[in-house]
Undergrad: 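Pasting a structure below so you can have a look.
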There are 2 protein chains.
Amino acid sequence: MDTRVHDILRRNQLSVTASREKILNLFLTNTRALAHADIEHKAGERFDRVTVYRTLQTFVEKGILHTIPTADNSVRYALCKNDCFEGHHHDNHYHFICSACGKTECLEEFVIPSVKVPKEYLANNVEIVVNGVCAACRKK
Amino acid sequence: MDTRVHDILRRNQLSVTASREKILNLFLTNTRALAHADIEHKAGERFDRVTVYRTLQTFVEKGILHTIPTADNSVRYALCKNDCFEGHHHDNHYHFICSACGKTECLEEFVIPSVKVPKEYLANNVEIVVNGVCAACRKK
DNA sequence: TATATTTTGCAACACAGTTGCATGTAAATA
DNA sequence: TATTTACATGCAACTGTGTTGCAAAATATA
């Protein structure tokens, strides 16, 4: 298995186990975000549901992954490319979901626009999800 | 029951039934968005789960309600104040969720900022959810 | 290698959401 | 208003999702 996977786990004070290595490797070898079901039923592998839930939760807590909220009520996960500290994500980017192929991507090259909130309100975090059609699907 | 409720239902070619009247009335008398559970266990009323699901689904299809995606994976519903045609929502606003009291609001007074997508991509719809603390909770 | 700690996987459970179908209710027609 | 038709409701049953407790297994540490 990739030595990079091992490094990431150790850097986050996590024991290196087969499940964690395999799941983390899925994210390193996929550019698109993955849903829980994608991981559980990944070709060739079969993980226990509970292990997948706990592994994803651990990775989010450690700042290795972040979640992407979607309108259809299915949470997807993606690698944090920035430096996220434990429990304090600050991925400064928004997300794109292709309505044709379902691909979910982090748009890291664009800055989150500033949004206004009512007077006396405090805005901590802005989640933006763009729905549309990706380049590959438009050509079909 | 409010005549306004009756009018909205008739305008959308929906039969006027007790459940629809009561559920729609909840939205007219609440400024905040409601989750499925809020409706099912509403004080004094008790609706069948299936009826609530089907009613909410019908209202969304007719453009009476719209859904608000949230990071915690719980869908909330709010009244569409603009003219939404069937299956084609164009509420031009974003949403605010208070992390202290859970209140969910439509921020209709602000315009959605334009966001960029990669070349060749097509953006159809932009969902923005602002997480923070509302004025009432900040004073506590 | 032996021990302490953590992780895993199973079973069981709680809850969310869906479907089919028989019954009840609202709307349309005469 | 009475009757017919179409639609909405509620129940039962089911699937899927996510959680918890606990014993067994694997990992880290000395």
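In the text below, chain A, chain B and the rest are named by the order of the sequence lines, each starting its count at 1.
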Undergrad: With a 3.5 Å cut-off and no angle check, do the side chains of A:Glu105 and B:Tyr121 form a donor-acceptor pair?
TA: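 Present: a donor and an acceptor within the cut-off.
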Undergrad: When the nearest nucleotide of DNA chain C is assigned to A:Arg49 and to B:Arg49 on a heavy-atom basis, which residue is associated with the more 5' position?
TA: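 By nearest-heavy-atom nucleotide position, the 5'-most residue is A:Arg49.
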Undergrad: Sequence neighbours left out, what passes side chain to side chain contact (heavy atoms under 4.5 Å, CB included) with A:Ala136? Give chain and number order.
TA: A:Cys134
Undergrad: In this structure, how many angstroms lie between the P atom of C:dT7 and the CG atom of A:Leu24, rounded?
TA: 15 Å
Undergrad: So, using ring pair (Phe, Tyr, Trp, His ring centres under 6.0 Å) as the criterion, who are the partners of B:Tyr53 when residues are at least two apart?
TA: B:His36
Undergrad: Enumerate the protein-to-nucleotides 5-9 of chain D contacts in which both atoms are nitrogen or oxygen and the separation is below 3.5 Å.
TA:
from	atom 1	to	atom 2	distance (Å)
D:dA8	OP1	B:Arg20	NH1	3.1
D:dA8	OP1	B:Arg20	NH2	2.8
D:dA8	O5'	B:Arg20	NH2	3.3
D:dT9	OP1	B:Thr17	OG1	2.9

Undergrad: If you assign A:Val50 and A:Ala37 each to the DNA chain D nucleotide with the nearest heavy atom, which residue ends up on the more 5' nucleotide?
TA: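 Closer to the 5' end of DNA chain D: A:Ala37.
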Undergrad: A:Val16: which residues meet the side chain to side chain contact (heavy atoms under 4.5 Å, CB included) condition with it, sequence neighbours left out?
TA: A:His6, A:Leu9, A:Arg10, A:Glu21
Undergrad: Kindly work out whether a path of hydrophobic side-chain contacts (I/L/V/M/F/W/Y, heavy atoms less than 4.5 Å apart) joins B:Leu107 to B:Val111.
TA: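 Per the 4.5 Å side-chain linkage, B:Leu107 and B:Val111 are not co-clustered.
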Undergrad: Return the set of residues passing salt bridge (Lys or Arg N to Asp or Glu O under 4.0 Å) with B:Lys116 (not counting sequence neighbours), or none when no residue passes.
TA: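 Applying salt bridge (Lys or Arg N to Asp or Glu O under 4.0 Å) to B:Lys116 gives none.
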Undergrad: Rounded to whole angstrom units, what separation is found between the CD atom of A:Glu40 and the P atom of C:dT8?
TA: 15 Å
Undergrad: Would you say A:Leu122 ends up clustered with A:Val117 if hydrophobic residues are merged whenever their side chains have heavy atoms under 4.5 Å apart, either directly or through other cluster members?
TA: no
Undergrad: Do you see a donor-acceptor pair shorter than 3.5 Å between the side chains of A:Arg20 and A:Thr55?
TA: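 Note: A:Arg20 and A:Thr55 side chains miss the donor-acceptor criterion.
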Undergrad: Output the rounded distance in Å from CD (A:Gln57) to P (D:dT17).
TA: 17 Å
Undergrad: In whole Å, I'd like the distance from the OH atom of A:Tyr53 to the C1' atom of C:dT7.
TA: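 The answer, rounded to whole Å, is 18 Å.
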Undergrad: Tell me: NE2 of A:His36 to P of D:dT19, nearest whole Å?
TA: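 For the pair A:His36 NE2 and D:dT19 P, the rounded distance is 10 Å.
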Undergrad: To the nearest angstrom, how far is A:Asn12 atom CG from D:dT27 atom P?
TA: 19 Å
Undergrad: Do the side chain of A:Arg138 and the main chain of B:Glu120 share a donor and acceptor less than 3.5 angstrom apart?
TA: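 Indeed, once roles are kept as given, a pair shorter than 3.5 Å links the two residues.
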Undergrad: Rounded to the Å, how far apart are A:Leu56 CG and C:dT8 C1'?
TA: 15 Å
Undergrad: Rounding to a whole Å, what distance do you find between A:Glu21:CD and C:dT6:C1'?
TA: 16 Å
Undergrad: Over the length of the helix from C:dT1-D:dA30 to C:dA30-D:dT1, how much do the five-pair end axes diverge, rounded to 10 degrees?
TA: 40°
